2 protein chains.
Amino acid sequence: MARSAGRTRPVIKDVAKLAGVSAPTVSRYLNGTVNVTEDKRERIAKAIKELGYEPSIVARALSNREMDSVVVFAANPSAFSTSETNHGVEAAARKRRFLLNIVSLDESDMDSVKARVRMGLSIRPAGVIVYEYDRAGIAALEYIPKDMPMVVVGGSFGDGEYQVINAERDGGRWMTMHLLDLGHRTVFHVGRPEGPTDNTRTNGWRDALKERGVTAPDPIIVPDDDLEESVKAGRTLGRRGDVTAIFAGNDETAIAVIRGLREVGRRVPADVSVVGFDDRNFGAMWNPALTSYTQNFLDMGERSFRMLFEQIQAKRAGDDAPPSQVEVVQGKPCLRASERAYGDGEIA
Amino acid sequence: MARSAGRTRPVIKDVAKLAGVSAPTVSRYLNGTVNVTEDKRERIAKAIKELGYEPSIVARALSNREMDSVVVFAANPSAFSTSETNHGVEAAARKRRFLLNIVSLDESDMDSVKARVRMGLSIRPAGVIVYEYDRAGIAALEYIPKDMPMVVVGGSFGDGEYQVINAERDGGRWMTMHLLDLGHRTVFHVGRPEGPTDNTRTNGWRDALKERGVTAPDPIIVPDDDLEESVKAGRTLGRRGDVTAIFAGNDETAIAVIRGLREVGRRVPADVSVVGFDDRNFGAMWNPALTSYTQNFLDMGERSFRMLFEQIQAKRAGDDAPPSQVEVVQGKPCLRASERAYGDGEIA
DNA sequence: CTGAAAGCGCTTACAG
DNA sequence: CTGAAAGCGCTTACAG
């Protein structure tokens, strides 16, 4: 547990003195705003190295009225999707020497959203990223000044200007199509509450059925974290003769549904095909190994920062904002053993 | 997607003018460093409210040479333990109006540790929290100045001054004891690579066996994320006649071990008891429902910040640093159905 | 191309 | 208790 000795950090003036130039010249060298003659460049570089100088990002921020920092506003901060996206943002930000601030939002405390956003903005970040999967994220938008570079992650294809969307809806559509392609007449759905955006798995399921011209059965919506309800949904569906394929809103739900199905004597996948979503929670080791769909949140995070950075650069250069854009980050299916073609049942 | 209009924020001078006092007086009111007369207090409070004034944390930071911010250094940023601890830190920090910066470390890129730490320190945070579960975390310590308030999370009971430790080792000991209490002669272990601290599950397993005077069998260490190896370990152990109880280093491993055991014809828990750790990944829905051990990372995060804040306050007040301390955050066992008393096998 | 001056928005001695 | 002044460490017009 060695700790280095605490000596006071050198400042720009120290560098200037050692290099025999003025502080503004060092500043210009650092920021590349104006040309600095070659010999001075060299002396400055040498001085910086010798002193181990690192510019104060705080002083720079006060001067620039803006900090080289992004703040991420996210409800549900300990979800895998959130932390993995954060990680991607941080990695991309670090390359530009931007710091990441995390401000959590709380779905169950909507009153605090405004205060939290203001607190996050109090460092005057260069830009913000809002995870718009839920009401808190959407509420946050209202408090973010219009001229602040911003990108919205994960939400709807609404009227936002800069968005990075994940394949929630596309994925749901894909999984449902897959089941339909296997010959199932229709696909039932056990999903989670939908939230405020339309980029949802459940909508993807609806899309697929609609495209194939089959009427969507009523979806069964189970509260988050209530596995017992999902087991019950499995039993309910298992007792019906016409259920041969189920798209579950996530892997936990799928596994609970399978349990319910078995409790009423249905085999998976022999009698009923069940697929999940997220590819988390160890579905690959399940019996049968669970077919699922995985998303690339790391990539989403990186792309979000890059999209934000374009806006920041344009703003700093005094240019027009880049054209608005929506990037869709595709996930991919993980085909395993929990589903099968319709009619193959007797073989199992 | 409403965005509020961007007007420029009021500064301390605006408040001073409106309240009919000087800026330093507003500052004193805000920081409570010196008494301000009642009538002025009221006028200032009114002006702040009227203008919607929020102090610039950046300007304050430049003046104080310190920002109201904590930086967390953590490798493995998308792990549940990390993000949940972060969440706790953030929640506690927010109460003190501190911001949270996240800087990820990378186990596979030890060369970057120094640069990342320096970058994190470049905002001059009031304190830092280092997650010391791995080599990168430990390496980071070296670059943090001695006079910087710091708390170390999760690591060993080493020579650190301020530590918040989770129940890795205690938990491992508890689970092993539990199996021993059920009458098993010994407990085998399939664990993950141990890392650099001694606060590990595997050490807890050793502790328990030692306390009971039983010689520890060789542990089987499987690489992270290599489930096949764990399945293999299950097969290997299953072929031996003397294996009746296994403590797995986490739930994934436990489930893979169970699979291996079954492949060679052993029943769980009838023939072999298996327990996991972490209580993640849906072990409760497994068949048999997996006995495991859960930790409170949220609480760890909150405690870490509070411990840090004590140091920060002392430093700012010019007082001596608080006495060094180690807080151990206990987890708790989740007893389910994957283990049973030794000798009950024939009943199953 | 480069330096002296002023300013970003606070806080902290220093007088009163 | 309170105000005028100076300073935190940068950057950006403004002259040269």
Side-chain angles (χ1 to χ4, degrees), chain A residues 8-44 47-48 51-69 97 99 121-126 315-318, chain B residues 8-44 47-48 51-69 97 99 121-126 315-318:
Chain A
T8 89
R9 298 166 35 140
V11 299
I12 198 169
K13 238 201 276 186
D14 302 319
V15 175
K17 182 184 273 180
L18 184 58
V21 298
S22 71
T25 299
V26 177
S27 170
R28 288 171 192 124
Y29 165 82
L30 252 16
N31 297 302
T33 42
V34 185
N35 273 348
V36 175
T37 50
E38 187 52 28
D39 61 322
K40 294 206 172 70
R41 300 182 65 79
E42 278 171 19
R43 295 198 326 253
I44 294 170
I48 288 176
L51 296 171
Y53 169 72
E54 185 115 6
S56 157
I57 164 164
V58 169
R60 178 180 284 169
L62 186 58
S63 223
N64 289 341
R65 284 111 160 283
E66 195 171 285
M67 192 128 150
D68 282 4
S69 145
R97 301 199 61 80
L99 248 17
L121 297 181
S122 70
I123 54 160
R124 305 223 182 183
K315 187 179 171 191
R316 288 185 176 177
Chain B
T8 90
R9 298 165 36 138
V11 298
I12 199 169
K13 238 201 274 184
D14 302 319
V15 175
K17 182 183 272 179
L18 184 60
V21 299
S22 72
T25 299
V26 177
S27 170
R28 287 172 193 125
Y29 164 81
L30 252 15
N31 296 302
T33 42
V34 185
N35 272 348
V36 174
T37 50
E38 187 51 29
D39 61 322
K40 294 206 172 70
R41 299 182 66 80
E42 278 171 19
R43 295 197 328 252
I44 294 170
I48 288 176
L51 296 170
Y53 169 71
E54 185 114 7
S56 158
I57 164 164
V58 169
R60 178 180 285 169
L62 185 58
S63 223
N64 290 341
R65 283 109 161 285
E66 195 172 287
M67 191 127 150
D68 282 3
S69 145
R97 301 199 61 79
L99 248 16
L121 297 182
S122 70
I123 53 160
R124 306 222 181 184
K315 186 179 171 192
R316 287 184 177 178

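Predicted, not measured: the structure shown is a model, and the values here were computed from it. Per chain, numbering begins at 1; letters A, B, ... match sequence-line order. What's counted below: heavy atoms across the whole structure, side chains too, no hydrogens, waters or symmetry copies.
Atom CZ in B:R124 sits roughly 19 Å away from atom P in C:dC10 (whole-Å rounding). The distance from atom NZ of A:K13 to atom C1' of C:dA4 is 13 Å, rounded to the nearest whole Å. Residue B:D68 contributes atom CG, which lies 10 Å from atom P of C:dT11 at whole-angstrom precision. Distance B:L30 CG to C:dT11 P: 7 Å, rounded to the nearest Å. The CD atom of A:E38 sits 11 Å away from the P atom of C:dT2 (whole-angstrom rounding). Taking atom CE on B:M67 and atom P on C:dT11, their separation rounds to 14 Å, with Å as the unit. In this entry the distance linking CG of B:D14 with C1' of C:dG9 reads 11 Å, nearest Å. A:D39 has its CG atom 11 Å from the C1' atom of C:dC1, to the nearest Å.
The side chain of B:S22 places an N or O atom within less than 4.0 Å of a non-bridging phosphate oxygen (OP1 or OP2) of D:dG3. Distances shorter than 4.0 Å separate some side-chain N or O of A:K40 from OP1 or OP2 on C:dT2.
The distance from the CD1 atom of A:I12 to the OH atom of A:Y53 is 4.0 Å, given to the nearest 0.5 Å. The CG atom of B:D68 sits 9.5 Å away from the CZ atom of B:R97 when rounded to the nearest 0.5 Å.
Residue B:R316 comes nearest to B:A126 through the heavy atom pair NH2-CB, 3.5 Å, listed as atom of the first residue, atom of the second, then distance. Considering all non-hydrogen atoms of both residues, B:I123 and A:V58 come closest at O-CG2, 3.5 Å. Heavy atoms only, all atoms of each residue included: A:L51 and A:L18 are closest at CG-CD2, 3.9 Å. Here the shortest heavy-atom pairing between B:S122 and A:P55 reads CB-O, 4.4 Å.
For the pair A:R9 (side chain) and A:E54 (backbone), a donor-acceptor distance under 3.5 Å is present. In terms of modelled atom types and a separation under 3.5 Å, the side chain of B:N31 and the main chain of B:S27 share a donor-acceptor contact. B:R124 places no side-chain N or O within 3.5 Å of a backbone atom of B:E66 that could act as its donor or acceptor partner.
A:Y29 comes within contact range of no nucleotide atom at all, as no heavy-atom separation falls under 4.0 Å.
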**Item:** 5'-to-3' dot-bracket of DNA chain D (Watson-Crick, G-U; under 3.5 angstrom; crossing pairs as [ ]; | other strand)
**Value:** |||.||||||||.|||

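Out of D:dT2, C:dT12, D:dC10, the shortest distance to the side chain of B:S27 is found at C:dT12. Set against D:dC1, D:dT11, C:dC1, the side chain of A:T37 has C:dC1 as its closest nucleotide.
With hydrogens and angles ignored, a donor-acceptor pair closer than 3.5 Å exists between the side chain of B:R28 and the base of D:dG3.
Heavy-atom distances to DNA chain C give each of B:P24 and A:V34 a nearest nucleotide, and the one nearer the 5′ end belongs to A:V34. Residues A:N31 and B:T25 both approach DNA chain D. Their nearest nucleotides, taken by heavy-atom distance, put B:T25 toward the 5′ side.
Shown for residues 58-66 of chain B: residues whose heavy atoms fall under 4.0 angstrom of DNA chain D, namely B:L62, B:S63, B:R65.
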**Request:** Let me see the working for B:T37 and B:D39 under side chain to side chain donor-acceptor pair (under 3.5 Å), right down to the final yes or no.
**Result:** CA-CA 6 Å; B:T37 50; B:D39 61 322; 3.1 Å; yes

